[in-house]
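Taking it in order: structure first as structure tokens, then the write-up.
Worth knowing before you read on, the calculation uses all heavy atoms, side chains too, and leaves out hydrogens, waters and symmetry mates.
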Amino acid sequence: MKVSEYVRHDAVGLAELMAKGEVTAAEVEAAAREAVRRVDPRINAVVETWPADDHPVPGGTPLAGAPFLIKDFGIAMAGRRTELGSRIAAGHVARSDSFLMRRFRRAGLVTLGRTATPELAYSITTEPVLYGPTRNPWDPRRSAGGSSGGSGAAVAAGAVPLAHATDAAGSLRIPAAYNGLFGLKPTRGRVSMGPALDEGFNGLAVQGSVSRTVRDSAALLDLIRGPEPGDPYFAEQPSRPYAEEVTRPPGSLRIGVLARAWGGRRTAAPVADALERTVRLLESLGHRTEEVTVGLGADWEEFVLANARLSTANLAASVDDLAAALGRPVDSSSLEPATLAAHRYGQRVSGPEFVAALTIRNRVARSLAGYFAAHDVLLTPTLPQLPPLLGTYGEGEEALDGLGWIDRLNDRSPFTMAFNVAGTPAMSVPVTADSGTGLPVGMQFAAGYGREDLLFRLAGQLEQAQPWSGRTPAVWAGRA
């Protein structure tokens with residue numbers, strides 16, 4: 001199989017070719033490895049590739065034999081390095097598979113390697129000291145986003161059709177938006193975080209993927225959803241497979257449009273233009289839209305402070321565990337300035353402050369649940385700005401304390417975090433910017449708890465009405 005043919009298919013399409021005997025799994029894997037070899041020197045998205053896995057690849061699934069990459073964070077693969085994008089974990093090898101990795105294996109995915117992430121997934125741009133910056137395939141001078149930036153760049157460049165991603169504050173949706181991909185953050189409790197964790201970042205973090213087509217993400221979520229023994233809670237299972245929802249009409253939806261970001265961050269003109277075009281498209285498809293104001297149940301400063309306390313306390317505990325297990329110091333030789341500042345801040349969070357932050361989490365969840373009682377879907381830009389130039393996001397980070405860094409994260413990505421706090425599903429859908437830059441813009445759609453089915457229906461309709469997979473970025477495996 002030639003790379004130029006390989007990149008024309010999504011993961012489901014490749015699996016169908018293999019099932020029909022039109023191409024072998026070995027030929028598909030060889031094409032994928034060649035695609036990685038062609039594009040990665042220009043984007044630095046894949047930090048390590050592995051020889052062919054000696055585990056047998058199961059057949060009979062919608063993704064059997066599809067090439068895949070896992071993020072270097074939030075997942076463990078037995079015998080493979082898991083370094084979390086950080087010098088403090090450099091060289092660490094996982095002893096066993098996490099539950100999610102077992103499900104990826106059972107899905108028949110062929111995992112080629114791991115993708116780049118910012119240090120400890122603690123930024124919305126992927127520029128770690130350990131492996132260097134990941135570049136956006138649409139414009140290699142720009143950020144690919146984070147924290148699943150390596151996965152986003154690799155998929156957008158045609159290296160693999162879909163890849164693993166995580167999301168604790170927008171880390172899946174942000175690279176989807178910056179790289180022109182589809183990415184859906186599932187409901188809290190949809191995918192197991194075990195066995196090492198009962199929940200990630202007190203329920204803020206979830207597991208998912210980024211892909212070039214909606215059906216790939218739907219098929220993968222069908223294969224990885226559901227509880228594992230010992231999970232503290234789980235989301236109710238859907239009445240039908242998500243893969244079927246993609247082709248079902250969503251009906252006429254009540255869609256609220258939140259154009260102004262929480263916190264007051266100004267939206268750039270190309271993003272605002274894309275939002276207006278998306279609203280017009282939705283109305284042409286029979287949906288009812290109205291501009292809305294959505295309360296968070298807390299003012300912005302309370303919201304940011306609560307997130308800072310929850311995330312930095314979790315970070316501090318993780319860093320201390322890593323340092324003890326690997327015999328590493330917790331200082332500037334092992335951590336970047338922003339991460340070290342966040343660690344120090346997290347160590348000072350008291351028990352009562354942590355509980356107060358959980359109370360804010362509850363208030364936000366209750367407030368947004370009330371909104372979804374009156375509207376089916378909320379539409380926002382995924383991000384208020386286009387991808388920044390590499391090297392600009394972290395300017396002045398040495399002067400920031402832990403709260404200052406979290407404030408910067410929330411300020412640069414003000415639309416995404418609320419749905420992590422509330423635990424509700426949210427997706428980023430790509431739209432082409434009319435800005436003269438040629439860069440993609442993502443639109444975020446959020447729904448009530450457990451309503452991934454509704455989002456997949458809407459995404460499938462939008463994909464058919466305005467296909468986004470026809471355009472390819474400057475760095476594209478099929479042209480190399």
Side-chain angles (χ1 to χ4, degrees), residues 167 169-170 172-174 176-177 182-191 203-204 206-211 214-215 217-218 220-222 225 234-259 262 275 278-279 281-283 285-297 361 364-382 415-431 442-463 465:
D167 195 316
L172 182 161
R173 290 157 288 160
I174 292 165
F182 176 76
L184 185 143
K185 178 195 84 68
T187 293
R188 181 182 295 146
R190 180 68 69 205
V191 181
L204 302 184
V206 297
Q207 303 274 10
S209 65
V210 289
S211 61
V214 176
R215 69 174 185 171
S217 285
L220 184 58
L221 188 54
D222 279 329
R225 59 179 166 84
F234 58 91
E236 182 179 359
Q237 294 298 292
S239 60
R240 65 176 59 87
Y242 293 130
E244 294 181 10
E245 299 291 0
V246 174
T247 57
R248 288 173 61 86
S252 178
L253 301 178
R254 300 165 299 169
I255 300 177
V257 182
L258 183 67
W262 290 300
L275 178 62
T278 302
V279 169
L281 174 61
L282 290 167
E283 291 173 345
L285 294 171
H287 302 298
R288 293 165 288 163
T289 69
E290 63 172 332
E291 192 162 335
V292 294
T293 300
V294 181
L296 286 176
R361 187 191 72 174
V364 172
R366 304 296 178 182
S367 180
L368 287 178
Y371 167 81
F372 288 119
H375 293 81
D376 298 306
V377 172
L378 176 65
L379 164 65
T380 79
T382 307
F415 293 106
T416 56
M417 183 68 188
F419 304 108
N420 295 86
V421 175
T424 57
M427 66 181 181
S428 183
V429 175
V431 178
M443 289 292 116
Q444 178 178 243
F445 295 86
Y449 192 88
R451 293 310 311 270
E452 288 96 327
D453 59 337
L454 184 60
L455 293 181
F456 276 124
R457 287 180 218 159
L458 178 58
Q461 182 187 54
L462 291 171
E463 186 178 36

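Heavy atoms only, all atoms of each residue included: Ser428 and Ala177 are closest at OG-CB, 3.7 Å. The two residues Pro425 and Gly448 have their closest heavy-atom pair at CD-O, 3.2 Å. Looking at every heavy atom in both residues, Ala418 comes nearest to Val364 through O-CG1, 4.1 Å. Summarising the geometry of Ser217 relative to Ser211, their closest heavy-atom pair is OG-OG, 2.6 Å, with the distance given to 0.1 Å. Residue Thr424 comes nearest to Ala447 through the heavy atom pair CB-O, 3.2 Å, listed as atom of the first residue, atom of the second, then distance. Across His287 and Ile255, no two heavy atoms sit closer than the pair CB-CD1, 3.9 Å.
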Might you work through the side-chain contact (heavy atoms from CB on, under 4.5 Å) test for Met427 and Leu458, ending with a clear yes or no?
CA-CA 10 Å; Met427 66 181 181; Leu458 178 58; 4.3 Å; yes

Are Phe372 and Arg451 close enough, and set up right, to give a side-chain contact (heavy atoms from CB on, under 4.5 Å), and what steps lead you there? CA-CA 10 Å; Phe372 288 119; Arg451 293 310 311 270; over 6 Å; no

- Dump the intermediate steps for side-chain contact (heavy atoms from CB on, under 4.5 Å) on Val294 and Leu368, then the final yes or no. CA-CA 8 Å; Val294 181; Leu368 287 178; 3.6 Å; yes

- request: Show your reasoning for whether side-chain contact (heavy atoms from CB on, under 4.5 Å) applies to Val421 and Leu204.
  value: CA-CA 6 Å; Val421 175; Leu204 302 184; 4.0 Å; yes

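The side-chain heavy atoms of Leu253 and Phe445, taken from C-beta on, include no pair separated by under 4.5 Å. Taking the side chain as every heavy atom from C-beta outward, Val206 and Val191 never approach each other to under 4.5 Å. The closest side-chain heavy-atom distance from Val429 to Phe182 is below 4.5 Å. Annotation: side chain of Leu379 is in contact with side chain of Leu282 (closest heavy-atom distance under 4.5 Å). Using a 4.5 Å heavy-atom cutoff, the side chains of Glu452 and Pro186 are in contact.
Checking side-chain atoms of Arg254 against main-chain N and O of Ala374 turns up a donor-acceptor pair under 3.5 Å. In this structure, Asn420 contributes its side chain and Asp167 its backbone to a donor-acceptor pair below 3.5 Å. At least one donor-acceptor pair under 3.5 Å links the side chain of Thr416 to the backbone N or O of Ala169. Using modelled atom types, no side-chain atom of Thr382 and backbone atom of Ile174 make a donor-acceptor pair closer than 3.5 Å.
With sequence neighbours excluded, the residues that form a side chain to side chain contact (heavy atoms under 4.5 Å, CB included) with Ala465 are Leu281, Leu285. In terms of the side chain to side chain contact (heavy atoms under 4.5 Å, CB included) criterion, residue partners of Ala235 (sequence neighbours excluded) are, by chain and number, Thr187, Arg190, Tyr449.
In this structure, Arg173 is not positioned above the aromatic face of Phe415 in the sense of NZ or CZ being under 6.0 Å from the six-membered ring centre and within 45° of the axis.
Residue Tyr371 holds its OH atom at 8.0 Å from CG of Leu258, rounded to the nearest 0.5 Å. Annotation: the span from Leu454 atom CG to Glu245 atom CD amounts to 9.0 Å, rounded to 0.5 Å. Rounded to the nearest 0.5 angstrom, Asp453 CG and Glu244 CD are separated by 12.0 Å. Interatomic distance, Thr380 OG1 to Leu275 CG, rounded to the nearest 0.5 Å: 8.0 Å. How far CD of Gln461 is from CZ of Phe456: 15.5 Å, rounded to the nearest 0.5 Å. The CG atom of Leu184 lies 10.0 Å from the CD atom of Gln444; values are rounded to the nearest 0.5 Å.
Heavy-atom neighbours of Glu236 CD from other residues, nucleotides or ligands within 6.0 Å: at or below the threshold of 12.
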